[in-house]
Number of protein chains: 2
Amino acid sequence: MPLKPPLPHHLAEKIANKLNYRHQDSTVIAVVQEATTNQVLMVASMNREAVILTLTTGYAHFWSLSRKKVWMKGETSGNKLRVIDVIVDCDLDALLLRVEPLGPTCHTLKWSCFHNNLDMLLKEFEGKENHTRKIVV
Amino acid sequence: MPLKPPLPHHLAEKIANKLNYRHQDSTVIAVVQEATTNQVLMVASMNREAVILTLTTGYAHFWSLSRKKVWMKGETSGNKLRVIDVIVDCDLDALLLRVEPLGPTCHTLKWSCFHNNLDMLLKEFEGKENHTRKIVV
């Protein structure tokens with residue numbers, strides 16, 4: 001049987017210890033992809049604790065670069081991400097989470113956080129350079 | 001006609017100015033996805049210059065966090081990524097590049113950089129904690 005989350009804590013720790021947390025705040029990059037459609041839903045950061053929580057609970061946890069804490073995606077909205085499988089990249093600093101989303105991933109209630117094409121970006125954010133919206137977790 | 005790369009320089013600059021370069025070395029995260037299959041091929045960082053080069057040439061350029069310079073994917077191997085479309089996320093700090101790869105994306109000659117499942121990670125890298133391989137561009 002291939003290893004899939006949820007995993008026992010000792011295996012999750014073993015896996016977490018092999019990653020290269022070389023990004024901001026000692027994190028790896030996590031790309032979230034819907035398992036059934038292959039749609040990319042979001043990208044976020046994971047520190048060692050978020051990796052272990054994701055692997056042991058089977059629900060995606062991330063490190064918030066702005067709030068400097070670990071959070072479970074959907075802890076407020078209920079729109080959790082059930083992690084079906086995890087694939088690690090060649091240099092061990094990025095994870096691909098293959099998930100079943102329990103609702104829309106984006107705080108705008110769009111299915112994916114990736115929803116601005118280049119035309120929309122030029123029009124919708126006209127004059128608003130380096131604009132940032134608050135993320136509802 | 002929807003805007004797709006390659007774009008004229010003034011539009012590429014306008015788009016690049018709207019992004020939130022809040023990651024390490026003033027970058028956004030770029031997730032690369034094969035347009036025909038939706039397979040995720042790699043993830044990397046892009047500073048403003050890499051965004052403009054990608055949008056104006058139609059080939060993926062990134063910022064190397066280790067070598068501290070902009071590089072074109074495939075500049076050595078020939079395995080370039082032709083960018084068909086770019087989708088920007090809700091908080092403007094990540095791009096989804098929909099590409100046609102001109103060869104394998106990974107330096108291991110695997111099609112995708114995401115190719116280690118959890119079993120392989122436990123076995124293949126046994127004892128090699130926080131191991132990093134050199135990336136061939």
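Since the structure is predicted, the reported quantities are computational estimates derived from the model, not experimental observations. Throughout, a chain's letter reflects where its sequence line sits, starting with A, and its residues are numbered from 1.
Neither the backbone nor the side chain of S112(B) comes within less than 4.5 Å of any heavy atom of chain A. Contact of L95(B) with chain A is made through the backbone alone, with heavy-atom distances under 4.5 Å.
Interatomic distance, H61(A) NE2 to I52(A) CD1, rounded to the nearest 0.5 Å: 12.0 Å. Note that CG of D119(A) is 8.0 Å distant from CD1 of I15(B), once rounded to the nearest 0.5 Å.
With chain A as the partner, the residue from L96(B), N38(B), V88(B) showing the most heavy-atom pairs under 4.5 Å is V88(B). Top candidate by heavy-atom pairs under 4.5 Å with chain B, chosen from Q24(A), K110(A), K4(A), H23(A), is Q24(A). Of the listed residues N117(B), V40(B), V43(B), the one with more heavy-atom pairs under 4.5 angstrom with chain A than any other is V40(B).
Note on R48(A) versus E13(A): salt bridge recorded, some NZ/NE/NH1/NH2 to OD/OE distance being below 4.0 Å.
Counting only distance, with no hydrogens or angles, the side chain of H10(B) and the backbone of P8(B) share no donor-acceptor pair below 3.5 Å. K73(B) contributes a side-chain N or O that, together with a main-chain N or O of T105(B), makes up a donor-acceptor pair within less than 3.5 Å. Listed for the N116(A) side chain is no donor-acceptor partner under 3.5 Å among the backbone atoms of L121(A).
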I'd like to know whether T108(B) forms a side-chain contact (heavy atoms from CB on, under 4.5 Å) with H115(B), so could you lay out the CA-CA distance, the side-chain angles of the two residues, the decisive distance to 0.1 Å, and finally the verdict. CA-CA 10 Å; T108(B) 61; H115(B) 56 250; 3.5 Å; yes
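Identified by a heavy-atom distance below 4.5 Å to chain A, the contributing residues of residues 25-36 of chain B are I29(B), V31(B), Q33(B), in residue-number order.
Taken together through direct or relayed side-chain contacts under 4.5 Å among Ile, Leu, Val, Met, Phe, Trp and Tyr, L65(A) and L65(B) form parts of separate hydrophobic clusters.
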